[in-house]
Amino acid sequence: MSRLTQILIILVVVSSLFLCGIVVTYVANADNYKQKYDDLRSDKDSMSRKVRNLTEQVNQEIEQKKQLEDRLSAEIASLTSQVDKLQNDLKNAEREKSALLQRVNSWASIVEDFSKTNDEQGQLLKNTLDELKKVQAEQIKSRKELNETTTVLVEKMAIIETLDAETKRLLEEKTELQNRFDELLRPLGKAAAPAVPVTPTREVARPARPGVRDIELRGLVTAVDLKNSMAGISIGSADGVKEGMRFHVTRGDDFLCDILIIDVDAEEAVGVLELVQQQPKVGDNVSTNL
Amino acid sequence: MSPNGHSRDRKKVVASNNLYTIFLALAFCTVFATALFVGYMCYIQYGTIFKIS
């Protein structure tokens, strides 16, 4: 065997060992592409299935979204109409509120004026009551004086009646004496001279004719309305009653009140109660003079 | 040309050197074992040796 053949054998052996080692190393370390392919394919299939499911879900979601959108659109439309209606109601309410506020303000001013007027009226009423008390006191005083005067007048009237009776008796005696004197002088053919009074009679100034106040009108209380301080009497214009006349209501000797006539009919009249001392009743006496 | 003549010319093959024969056998065994290993791996991983599925 030549030297060249030996060298070639060595080279072949070494190169075959080297190349086989490289091949074995490469094959042992190579990736399993089939398994990778299968894995990827299964992954792809599962992903495709997922994509299909997700597409169906997306379509369902889109459908539900459309339905929801339609429903919400309808609700939005109804709510918009409600909002418009509520806005109109709000405007009306604000308008009514402003009108009511104006009315409240006007009423407040009216109430304030009324309060002022009420205070003034109260003050006026107090003053009037004070004056009324004074007038009542004066009236009581005048009544006492009137009673005294009436008593004196009654005494004087009694004296006048006594004097009238005396005068009448003297006139009768005078007539009798005159007749006797005439009978005595008749045989002698003489006549008695007319009697001349020692004290000449004087014309006395007479008081004027009594006014309406002094006309004696008497009647009865026919109706009483204490709530409105009104009363009716049983005489009217046919008896001479006129508006503005004042009647005194009495029960026995007690003074009850006055009635100021404000309305007159033919047979009855109505008036306002004044100076009420006691409450009048139906049947009490009324008269223009006490 | 007779068949006898042919067998007469035939010589006995004898290795000139056993050491180099062993080297060649080692190289052959290495290549053969590598081919078996590659074929085994192809069959294990792809299910076939030559086809491409």
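These values consider heavy atoms only, across backbone and side chains, with no hydrogens, waters or symmetry-generated copies. In the text below, chain A, chain B and the rest are named by the order of the sequence lines, each starting its count at 1.
For Gln45(B) against Lys34(A), the heavy-atom pair with the smallest separation is O-CD, 3.1 Å.
Atom CD of Gln35(A) and atom CD1 of Ile44(B) lie 12.0 Å apart (nearest 0.5 Å).
Listed in order of number, the residues of residues 7-31 of chain A that approach chain B to under 4.5 Å between heavy atoms are Ile9(A), Ile10(A), Val13(A), Ser16(A), Leu17(A), Cys20(A), Val23(A), Val24(A), Val27(A), Ala28(A), Ala30(A), Asp31(A).
In the displayed structure, Glu267(A) atom CD is contacted under 6.0 Å by at most 12 heavy atoms of other residues, nucleotides or ligands. In the displayed structure, Gln279(A) atom CD is contacted under 6.0 Å by at most 12 heavy atoms of other residues, nucleotides or ligands.
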